[in-house]
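Please read the structure below before turning to the comments.
Just so you know, ligand 1 is whichever comes first in the structure, and atom 1 is the first atom listed for that ligand. Only this structure's heavy atoms are used, side chains among them; waters, hydrogens and symmetry mates stay out.
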Amino acid sequence: MIKELKVDQDKCTHCRMCTHFCLNNVIEWDEEKDAPVARYREDCVLCLICAMYCPGQAIELIPDYTMKHNPPAIAKGVK
Ligand code: SF4
Ligand code: SF4
């Protein structure tokens with residue numbers, strides 16, 4: 001899960017490729033803002049494919065470390 005998907009608008013080329021790269025369909029295109037948005041942040045697995053293949057290197061992913069959305073199996077190990 002990510003807390004935030006930041007897109008540097010100065011670097012973004014509006015190619016929309018990030019919406020296609022994400023296999024979990026986390027990213028959608030916001031027509032009003034003319035920018036990518038993380039609609040389903042809880043489904044992000046932090047594979048970094050969107051950031052790696054972004055031609056403008058415009059994407060920054062901020063992970064969510066709160067554990068509240070992570071599976072109980074992972075949370076069990078946390079004291
Ligand atoms: S892949 Fe990068 S440059 Fe293309 S729309 Fe997404 S953020 Fe913008
Ligand atoms: S890091 Fe992976 S799962 Fe998360 S938004 Fe990017 S492509 Fe999708």
Side-chain angles (χ1 to χ4, degrees):
M1 168 150 181
I2 47 170
K3 197 164 150 192
E4 196 180 345
L5 179 136
K6 284 187 179 175
V7 176
D8 186 330
Q9 289 302 323
D10 292 335
K11 292 180 178 174
C12 178
T13 63
H14 306 271
C15 67
R16 301 191 184 204
M17 290 306 290
C18 50
T19 62
H20 302 294
F21 290 145
C22 181
L23 298 176
N24 285 2
N25 294 320
V26 172
I27 306 173
E28 283 185 356
W29 194 258
D30 187 319
E31 295 292 345
E32 239 174 67
K33 290 182 185 164
D34 193 28
V37 288
R39 282 269 186 258
Y40 308 103
R41 291 178 296 120
E42 65 280 5
D43 291 338
C44 177
V45 294
L46 283 167
C47 66
L48 303 182
I49 287 174
C50 57
M52 279 193 295
Y53 288 98
C54 168
Q57 297 186 330
I59 298 176
E60 184 185 353
L61 295 150
I62 314 293
D64 185 335
Y65 294 115
T66 61
M67 303 292 285
K68 68 181 171 192
H69 294 284
N70 290 339
I74 295 174
K76 255 188 211 170
V78 178
K79 308 226 167 164

Protein N, O or S atoms under 2.8 Å from atom 6 (Fe) of ligand 1: 1
Could you tell me whether Glu31 and Arg16 make a salt bridge, using a distance below 4.0 angstrom between a side-chain N and a carboxylate O? yes
Among the heavy atoms of Phe21, does any lie under 4.0 Å from an atom of ligand 1? no
Nearest protein heavy atom to atom 8 (Fe) of ligand 2, by residue and atom, and its distance? Cys22 SG, 2.4 Å
Which heavy atom of the protein is the closest neighbour of atom 1 (S) of ligand 2, given with residue, atom name and distance? Leu48 N, 3.2 Å
Looking at Gln57, I want to see if its CD is surrounded by more than 12 non-hydrogen atoms of other residues, nucleotides or ligands under 6.0 Å. no
In the protein, which heavy atom is nearest to atom 3 (S) of ligand 2, and how far is it? Val45 N, 3.5 Å
Under 4.0 Å between heavy atoms, the region of Leu23 that gets near ligand 2 turns out to be neither
Which one of Ile62, Leu46, Asp64 satisfies the side chain to side chain contact (heavy atoms under 4.5 Å, CB included) criterion with Ile2? Leu46
His14 side chain vs Asp34 backbone, donor-acceptor pair below 3.5 Å: yes
Apply side-chain contact (heavy atoms from CB on, under 4.5 Å) to residues Tyr40 and Glu28 and explain how you reach the verdict. CA-CA 9 Å; Tyr40 308 103; Glu28 283 185 356; 3.5 Å; yes
Distance to 0.1 Å, residue and atom name: give those for the protein heavy atom nearest to atom 2 (Fe) of ligand 2. Cys47 SG, 2.3 Å
Starting from atom 4 (Fe) of ligand 2, find the nearest protein heavy-atom neighbour and note its residue, name and distance. Cys44 SG, 2.3 Å
If we number the atoms of ligand 2 from 1 as shown, the ones under 4.0 Å from a heavy atom of Leu61 are 1 (S)
Same cluster or not: Ile59 versus Val37, using hydrophobic residues (I, L, V, M, F, W, Y) connected whenever any side-chain heavy atoms lie under 4.5 Å apart? no
Parallel, tilted or perpendicular for Phe21 and Tyr53, by the 30°/60° rule? tilted
